[in-house]
Amino acid sequence: MTASPDRASVGLRSERGPVLGALMLATGLIAIDATILATAVPTIVGDLGSYQQFPWLFSVYLLAQAVSVPIYSRFADTIGRKPIIMIGIALFLLGSVLCGVAWSMGWLIVFRIVQGLGAGAVAPMAMTIVGDIYTVAERAKVQGYMASVWAISSVIGPSLGGIFSQLDAWRWIFFVNVPLCLLAAWMLLTHYHEDVEHRRHRIDYAGAVLLTVGLTGVILGLLEGGTAWEWFSVPSAVCFIGGALALVVFAFVERRAAEPIIDLALVSQRLILTTTLVSFGIGALMIGVTSFGPAFLEGSIGVAPLLSGLAVAAMSLGWPLAAANVGQLYLRIGFRRTALIGLSIASVAAVVLAVTAQWPSPWIFAAVAFCLGFGLGWSAAPTLIAAQSSVGWGERGVVTGMNAFARSAGSAVGVAVLGAISNAVIAGGGGADDPDTIVSASTGVFIAAAVVAVLTLVAASVMPRDGAMSGDEISTAGR
């Protein structure tokens, strides 16, 4: 299904409206999951496991999402988008049910992997389908619809998470996904139809295994170093050296693979490389606030889960507000300048968050998180669309998947690094029950996030220069 000049205008009542509605609902699955769990972390930890284990709930999910995105994206360019997004919804549904019945922290972590494998298909496929059926100018308007999903989820997710947590019914955080998955699958089955040029493909199994082993080794070393074993120990050496070697071998394998999981030839292009780095940084920044924010507010000054969730939700509210209005800006001044403005805002907000962490307040946190989310929303969409618009249909799935992979990998590595910082401070302080120690640990986390924000801004500054698009470029780009 492709866009053409004579298609009806963008909107839910247009010819493509039912497909847009289905994509919004599918995106809603991931959007709610991104905000609903963090609010209930203290309750889940109190029921199933220790404080030091909670970063695993996010890291394994993000790791599974990260390593599966390139695989799904490669298949999407060969067998089509629809089968892949349907597989993703099915896996997300299965993972949600399993998480809801988990009987220990270990099994909950395992079941989060299944959820992550589903999210790895849903999120990038929704973005890819939007890129297929809408032009660049239309996508500027569609961003408003897709952003509204995140805006609504930013309120519903933390609110539900806080309510379920306070009612000691955290399992419903996962069960709430069941009807959404079923409805999204039905809408896509009935409304989305695509014409696919089927061709034979060769699965890069070696690349997939090496990427998984490499990222797992590094993340395992970061999360467990200084906790389960000493930093300078045999287990740490095995994790870091083994993970690094696997990633080096992965790079060599990808150069020879017929259909590589990550096309290094694409990454060598300046635009693709810089937008991928920006996406990686955005993923790390997001996780720094959404995963550690509730624990910071609840552990330092005893904020109720519902209020801490709403404070964190301010970030998810600022993001879609910016994304809904950024389209006209990047059409006028270009993708690079727009991204630079957004990341400048995000960098200032991240620095302010690090400075104010010594004085915990849900109101200060919410205000800063809103600004941070606004800045990220003003940079994520332009960098993604710039990358999509630089390639044709046959590579758009891979490029979109690369962008989504980078964000997921950034989040996975980010939660591991930030978790290592937090655990180190807690281990050397008064423990997870000491409010002053939580403040110190959170301050360390937010300082690291501020450094990431500045580095991401630097990456965006290296993007190729571009300017306003002409009428012909707007109507044809991204087809």
Side-chain angles (χ1 to χ4, degrees), residues 37 49 52-74 88 91-92 95 98-99 102 104-121 123-124 203-254 257 260-262 264 276 279-280 283-284 286-287 291 401-402 404-424:
L37 180 61
Q52 285 76 15
Q53 287 182 298
F54 97 81
W56 278 105
L57 292 175
F58 301 96
S59 61
V60 296
Y61 173 90
L62 294 166
L63 178 62
Q65 185 177 8
V67 298
S68 63
V69 162
I71 301 173
Y72 290 133
S73 300
R74 176 59 67 184
L91 285 173
F92 195 83
L98 292 174
C99 286
S104 69
M105 179 63 79
W107 281 109
L108 179 59
I109 290 171
V110 170
F111 296 149
R112 283 282 285 172
I113 295 175
V114 180
Q115 253 195 324
L117 291 173
I203 305 174
D204 182 16
Y205 291 110
V209 171
L210 287 167
L211 181 61
T212 303
V213 171
L215 287 178
T216 301
V218 172
I219 290 173
L220 178 63
L222 288 169
L223 283 176
E224 295 299 327
T227 302
W229 53 70
E230 297 295 327
W231 284 109
F232 296 99
S233 63
V234 174
S236 284
V238 170
C239 289
F240 289 119
I241 296 176
L245 287 175
L247 292 176
V248 170
V249 176
F250 168 77
F252 283 104
V253 168
E254 294 306 275
I261 293 297
I262 297 180
L264 298 181
T276 299
S279 187
F280 185 94
M286 287 172 57
I287 207 69
S291 296
M402 193 178 301
F405 163 77
R407 186 180 300 180
S408 297
S411 295
V413 174
V415 76
V417 172
L418 299 177
I421 293 172
S422 177
N423 287 338

For the pair Ile109 and Ile113, evaluate side-chain contact (heavy atoms from CB on, under 4.5 Å) and give the outcome as yes or no after the intermediate values. CA-CA 7 Å; Ile109 290 171; Ile113 295 175; 5.5 Å; no
Those residues that, when tested against Ala284, pass side-chain contact (heavy atoms from CB on, under 4.5 Å) (two or more places apart): Val452
Say whether, by atom type as modelled, one donor and one acceptor occur between the side chain of Tyr72 and the main chain of Leu117 under 3.5 angstrom. yes
Looking only at non-hydrogen atoms, find the nearest pair between Gly120 and Ser68 and report the distance. CA-OG, 3.6 Å
Would you mind writing out the side-chain donor-acceptor pairs for residues 242-254 within the sub-3.5 Å range, not counting sequence neighbours?
unit_1	atom_1	unit_2	atom_2	d
Glu254	OE1	Ile261	N	2.7
Glu254	OE1	Ile262	N	3.0

Would you please name every residue forming a side-chain hydrogen bond (donor to acceptor under 3.5 Å, both in side chains) with Thr276, sequence neighbours left out? none
Which atom of Thr212 lies closest to which atom of Thr216, heavy atoms considered: O-OG1, 2.6 Å
Here the pair of heavy atoms bringing Gln115 nearest to Gly95 is CG-C, 3.7 Å
If I compare all heavy atoms of Phe111 with all of Leu98, which pair ends up nearest, and what's the gap? CD1-O, 3.1 Å
